[in-house]
Every structure is written in structure tokens, then in C-alpha cells.
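We're numbering straight along the sequence, starting at 1. What you see is a predicted model; the values in this text were computed from it and never measured. What's counted below: heavy atoms across the whole structure, side chains too, no hydrogens, waters or symmetry copies.
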Amino acid sequence: DVLEEAYLSNDIPVLVWVTIDMLESQEGTKYLLEDGTTYIWRKNEHCVVFCGYDENNYYLMDPLKNGSIVSYPKDLVEQRYSEMNMGAVVLLF
């Protein structure tokens, strides 16, 4: 996808927001925004370094796993990433 092609294929890691252990996110605190809309903060939020992929899996450096690299099926990571509003930060050195 975009993060794979634009960044990882060029050896540029990306911070991504997913969920802890790829567990399903849950509805958290609700905030009323100035424009009158409601924003719902999702529970189980977690930030990892997206550092690799193969045909079936994404590889993530997880600070909650002592910085180990863990793998999860692509479709699961994409689902959790989407639940967290597709937040990402590109790390350029």
C-alpha cells in the first residue's frame, strides 16, 4: 500500500498508530468539539514502528515487547490502523 511503496521500500521506517497486541479497539472517552461534533477517543491505542513487510505480514517494532520486532497478518494490521484513524509519522533522518 502507500506506506509500503513510498517509505518502507525506500528503507524509511514509519510510526503508525494501531492497537496494543492488535486487539480490537473500543469506544473510549467522548469529547464535544467546538464545532458541535462529537469525537470519540479509541481505547487500546498504541504506537509502533512499521519497519517491514512480506507477502502476508507486516513487521512492527513494538516498544511494549522490549523493542522486539513482531509480525501480524496484513489484513489485521490494516484493520487496526484504520480503527486508529490511519495515523502515521514518517521518520526522515
Partner residues of Glu27 under the salt bridge (charged side-chain N to carboxylate O under 4.0 Å, His left out) criterion, sequence neighbours left out: Lys30
Do you know the tightest heavy-atom contact between Ile40 and Gly28? CG2-N, 3.9 Å
Contacts satisfying ring pair (Phe, Tyr, Trp, His ring centres under 6.0 Å) that involve residues 1-41 (not counting sequence neighbours) are none
Kindly list each side-chain donor-acceptor pair under 3.5 angstrom involving residues 86-93, sequence neighbours excluded, with atom names and distances?
none

Interatomic distance, Asp75 atom CG to Asn56 atom CG [nearest 0.5 angstrom]: 9.5 Å
Rounding to 0.5 Å, atoms OG1 (Thr38) and CG (Leu33) come to a distance of 7.0 Å
Quick check on the hydrophobic clustering: are Leu15 and Ile69 connected, directly or via other members, by side-chain heavy-atom contacts under 4.5 Å? yes
Residues Val70, Met22; criterion side chain to side chain contact (heavy atoms under 4.5 Å, CB included); working and verdict: CA-CA 11 Å; Val70 295; Met22 295 299 146; over 6 Å; no
Restricting to side-chain hydrogen bond (donor to acceptor under 3.5 Å, both in side chains), what partner residues turn up for Asp62, sequence neighbours left out? His46
Sorted by chain and number, sequence neighbours left out, side-chain hydrogen bond (donor to acceptor under 3.5 Å, both in side chains) with Asp21 holds for Lys65
How is the hydrophobic cluster of Ile20 composed, in terms of its other members, when Ile, Leu, Val, Met, Phe, Trp and Tyr link through side-chain heavy atoms under 4.5 Å apart, directly or indirectly? Leu64
Closest heavy-atom contact between Tyr81 and Leu3? OH-CD1, 3.6 Å
Sequence-distant partners of Ser71, side chain to side chain contact (heavy atoms under 4.5 Å, CB included), two or more places apart: Asn57, Tyr59
Partners of Glu83 by salt bridge (charged side-chain N to carboxylate O under 4.0 Å, His left out), sequence neighbours excluded? Arg80
My understanding is that only residues two or more places apart in sequence, or in another chain, count here; which of them pass salt bridge (charged side-chain N to carboxylate O under 4.0 Å, His left out) with Lys74? Glu4
Answer with yes or no whether the hydrophobic clustering places Val14 together with Val18; edges join I, L, V, M, F, W, Y residues whose side-chain heavy atoms lie under 4.5 Å apart. yes
Approximate separation, where rounding is to 0.5 Å, of Ser68 OG and Leu60 CG: 12.0 Å
Residue pair Met84 / Thr19, side-chain heavy-atom distance below 4.5 Å: yes
Just to verify, what does Tyr72 make a ring pair (Phe, Tyr, Trp, His ring centres under 6.0 Å) with, not counting sequence neighbours? none
Who pairs with Thr37 by side-chain hydrogen bond (donor to acceptor under 3.5 Å, both in side chains), at least two apart in sequence or on another chain? Asp35
Scan residues 48-61 for pairs that pass salt bridge (Lys or Arg N to Asp or Glu O under 4.0 Å), counting only residues two or more places apart or in two chains. none
Shortest non-hydrogen separation from Pro13 to Val49 and the atoms involved: CB-CG1, 3.8 Å
So does Glu24 get a backbone contact from the side chain of Asn44, meaning a donor-acceptor N/O pair under 3.5 Å? yes
Transitive ILVMFWY side-chain link Leu76 to Leu8, under 4.5 Å: yes
